Amino acid sequence: MNTVFEQIFEILFDMYGPQGWWPLLKKQKGEILCAYHPGNYDLPQKKIQIFEICLGAILTQNTSWQNVIKALINLYQLDSLRPRTIEKMPMDDLGQAIRPAGYFNQKAKKIKAFTAFYLQLNGKVPTRDQLLNVWGIGPETADSILLYAYKVASFVIDAYTRRIFVNIGLIQDHLKYHDIKKQFENNLKKDIFIYQEYHALIVTHAKAYYSKKDLYAKDPLLTSAKVNLIK
DNA sequence: AACCAGGACGTGA
DNA sequence: TCACGTCATGGT
């Protein structure tokens, strides 16, 4: 028997299809753009893409992805989407480059701190605790880095996840990050494909039904036969 | 013109 | 532990 969490995954996957996370910069006809890669689970390929995902995870903290893209492209244009360059980049320059992503003073510090940590890793896969000990990396950013940059099955919880699953009555509002994370992980197969797509699907679904309060009640998950059956 | 974005940290109680 | 203020740009 499938768990409710598995059933909701299938409903969302049927609704939206593969999401192709984490989006990566790519050159196309001399233009730099940021693209999803639905159905391709072999990314990131290069070490530089791992680093790019880590910076994106920091830059997108409480910030729309469109603003993050501008910051990433700025860094790329400056040939600064690389750890060695960022390491010796003046804080002011770094801050100006990532300015469109907001909180640019804090995020410049966070990126500096992460870059030092990343270089010291020397290519090894970081543990979750190691990531959490880096200034500026909290639980969601750590899990995003693990799941999308390093393909470690660590489920990502964000504000959307809480909003959706409280609304459909599957989690209580007072639960903290770790508790919600365990709810998902205890009810899902430990599978990179599922973890990656599930979080991405949650974000896509939330953008459609949870941007404004008056939309919450129109979430199709509320009227889904399968969900109501289990509840 | 408020309100919110794929959060995290510092502070005081 | 926990609620609350702060950080900041850009789109709706």
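Everything numeric here is computed off the predicted structure, so don't read it as measured data. Throughout, protein chains are lettered first and strands after them, A, B, ... in sequence-line order, and every chain is numbered starting at 1. FYI, side chains are in, hydrogens and waters are out, and symmetry mates aren't considered; it's all heavy atoms of this structure.
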Asks: First locate atom CG of Leu170(A), then atom CD1 of Ile180(A), and finally report the distance between them rounded to the nearest 0.5 Å.
Replies: 11.5 Å
Asks: For the pair made of CZ in Phe165(A) and C1' in dG6(B), what is the distance, rounded to whole Å?
Replies: 15 Å
Asks: Can you confirm whether the side chains of His37(A) and Asp42(A) place a donor and an acceptor under 3.5 Å from each other?
Replies: no
Asks: Quickly work out the Ile58(A) CD1 to dG7(B) P distance and round it to whole Å.
Replies: 14 Å
Asks: Round to a whole Å and report the spacing from CD1 of Ile145(A) to P of dG7(B).
Replies: 14 Å
Asks: Is any side-chain heavy atom of Ile8(A) closer than 4.5 Å to one of Ile168(A)?
Replies: yes
Asks: Any luck finding a side-chain donor-acceptor pair between Lys110(A) and Thr141(A) under 3.5 Å?
Replies: no
Asks: In B/S/- notation, 5' to 3', how is nucleotides 8-13 of chain B contacted by protein heavy atoms closer than 4.0 Å?
Replies: SSS---
Asks: Say you pick atom P in dA8(B) and the same atom in dG10(C); how far apart are they, in whole Å?
Replies: 22 Å
Asks: For the P atoms, the ones on dC3(B) and on dG5(C), what distance do you get once it is rounded to whole angstrom?
Replies: 15 Å
Asks: Indicate whether the side chain of Tyr41(A) and that of Glu197(A) have a donor and an acceptor atom separated by less than 3.5 Å.
Replies: yes
Asks: Under 3.5 Å, is there a donor on one side chain and an acceptor on the other for Lys124(A) and Tyr150(A)?
Replies: no
Asks: Nearest-Å distance, NE2 (His178(A)) to P (dG7(B))?
Replies: 19 Å
Asks: With rounding to whole Å, what would you report as the distance between dG10(B) and dT9(C) at their C1' atoms?
Replies: 22 Å
Asks: Any salt bridge linking Lys182(A) with Glu185(A)? Criterion: basic side-chain nitrogen under 4.0 Å from a carboxylate oxygen.
Replies: yes
Asks: Which of residues 15-22 of chain A have a heavy atom under 4.0 Å from DNA chain C?
Replies: none
Asks: Between Asn167(A) and Tyr209(A), do the side chains contain a donor N or O and an acceptor N or O under 3.5 Å apart?
Replies: no
Asks: Rounded to the nearest Å, what distance is computed from the CG atom of residue Leu55(A) to the P atom of nucleotide dG6(B)?
Replies: 18 Å
Asks: With a cut-off of less than 4.0 Å, is there a side-chain N or O of Lys212(A) near OP1 or OP2 of dA2(B)?
Replies: no
Asks: Using atom NZ of Lys213(A) as one end and atom C1' of dA2(B) as the other, report the distance to the nearest whole Å.
Replies: 16 Å
Asks: Could you tell me whether the side chains of Asp143(A) and Tyr177(A) share a donor-acceptor contact shorter than 3.5 Å?
Replies: yes
Asks: Whole Å only: how far is the CD1 atom of Ile180(A) from the P atom of dG7(B)?
Replies: 13 Å
Asks: Separation of Gln66(A) atom CD from dG6(B) atom P, in whole Å?
Replies: 9 Å
Asks: Using heavy-atom distances to pick each residue's nearest nucleotide on DNA chain C, tell me which of Lys70(A) and Asn105(A) is more 5'.
Replies: Asn105(A)
Asks: Show the distances under 3.5 angstrom between N or O atoms of the protein and N or O atoms of nucleotides 3-5 of chain B.
Replies:
{"from": "dA5(B)", "atom 1": "OP1", "to": "Arg163(A)", "atom 2": "NH1", "distance (Å)": "2.5"}
{"from": "dA5(B)", "atom 1": "OP1", "to": "Arg163(A)", "atom 2": "NH2", "distance (Å)": "2.9"}
{"from": "dA5(B)", "atom 1": "OP2", "to": "Arg163(A)", "atom 2": "NH2", "distance (Å)": "3.2"}

Asks: For dT6(C) and dG6(B), measure between their P atoms and round to the nearest Å.
Replies: 24 Å
Asks: Grab the two heavy atoms, one from Gln49(A) and one from Pro44(A), that are nearest each other, plus how far apart they are.
Replies: CB-CB, 3.6 Å
Asks: Scan Phe114(A) against the nucleic acid and name what it touches under 4.0 Å (heavy atoms): base, sugar-phosphate only, or nothing.
Replies: nothing
